[in-house]
Amino acid sequence: AQSVSQHNHHVILSEAASLELGCNYSYGGTVNLFWYVQYPGQHLQLLLKYFSGDPLVKGIKGFEAEFIKSKFSFNLRKPSVQWSDTAEYFCAVRSSNTGKLIFGQGTTLQVKP
Amino acid sequence: DVKVTQSSRYLVKRTGEKVFLECVQDMDHENMFWYRQDPGLGLRLIYFSYDVKMKEKGDIPEGYSVSREKKERFSLILESASTNQTSMYLCASGDRGYEQYFGPGTRLTVT
């Protein structure tokens with residue numbers, strides 16, 4: 001069965017620290033990859049997505065992610081986090097076969113001012 | 001901007017009650033989805049619909065049913081609520097571009 005694994009469940013960083021959240025998926029075919037973010041009390045919203053082309057994808061608010069096909073990974077990065085980045089982050093994979101989005105377990109990021 | 005609305009932000013129901021969760025989207029999207037969100041489990045797909053009157057089971061359909069009579073509206077039904085259905089329920093809609101737009105969620109407590 002297809003699955004998505006996020007390695008870090010709870011991350012605590014100080015402002016200006018660099019961030020990398022891991023995401024690995026199990027599906028071997030053509031995939032579309034997403035990172036969603038849920039700020040406290042707000043809707044889940046799209047941070048960035050990868051469909052094809054340049055494996056380094058830039059999203060909103062200074063986030064980027066790199067698709068490494070050989071490692072089945074789509075890690076999220078930000079060079080310098082801010083207190084306002086405190087949120088829950090979800091990696092999601094859509095397989096071309098099923099058309100469904102499979103979400104990871106989520107990573108809670110807490111940024112200390 | 002895409003807008004997905006859900007009928008209630010918070011809902012408290014008793015075991016055995018029939019529960020209706022309503023979702024409306026205003027972007028004429030063909031696809032609509034119901035998920036539940038639980039700590040440590042992420043989002044799990046309950047049901048989805050690619051068209052009016054069409055529905056497909058997701059990964060955890062047991063204990064749930066859905067209805068889509070109009071393109072903009074997708075309802076989730078708990079025929080007989082149980083305590084293990086206490087959760088956050090998220091509705092989403094999407095077009096052929098595969099991106100999904102989420103509603104604010106309904107936090108359902110079954111006592």
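Atom set for the values below is all heavy atoms of this structure, side chains included, hydrogens, waters and symmetry mates excluded. All values derive from a computational prediction rather than experimental measurement. Below, chain A is the first sequence line, B the second, and so on; all start at residue 1.
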Value rounded to 0.5 Å, distance of CZ in B/Phe102 from CG in A/Leu46: 9.5 Å
Atom pair CD/CZ of B/Gln37 and A/Phe90 - distance to nearest 0.5 Å: 4.5 Å
Side chains of [X] and [Y]: closer than 4.5 Å at any heavy-atom pair?
X: A/Tyr36; Y: B/Gln100; value: yes
X: A/His43; Y: B/Val4; value: no
X: A/Leu101; Y: B/Tyr35; value: yes

Toward chain B, the part of [X] with a non-hydrogen atom under 4.5 Å:
X: A/Gln38; result: side chain
X: A/Leu44; result: both
X: A/Glu88; result: side chain

Is there a continuous path of hydrophobic side-chain contacts, each under 4.5 Å between heavy atoms, that joins [X] to [Y]?
X: A/Leu109; Y: A/Phe74; value: yes
X: A/Tyr89; Y: A/Val4; value: yes
X: B/Leu108; Y: B/Phe74; value: yes
X: B/Val110; Y: B/Ile46; value: yes
X: A/Val81; Y: A/Leu48; value: yes

Engaged part of B/Leu41 at the chain A interface, taking heavy atoms whose separation is under 4.5 Å: backbone
Under 4.5 Å from a heavy atom of chain A, the part of B/Arg44 involved: neither
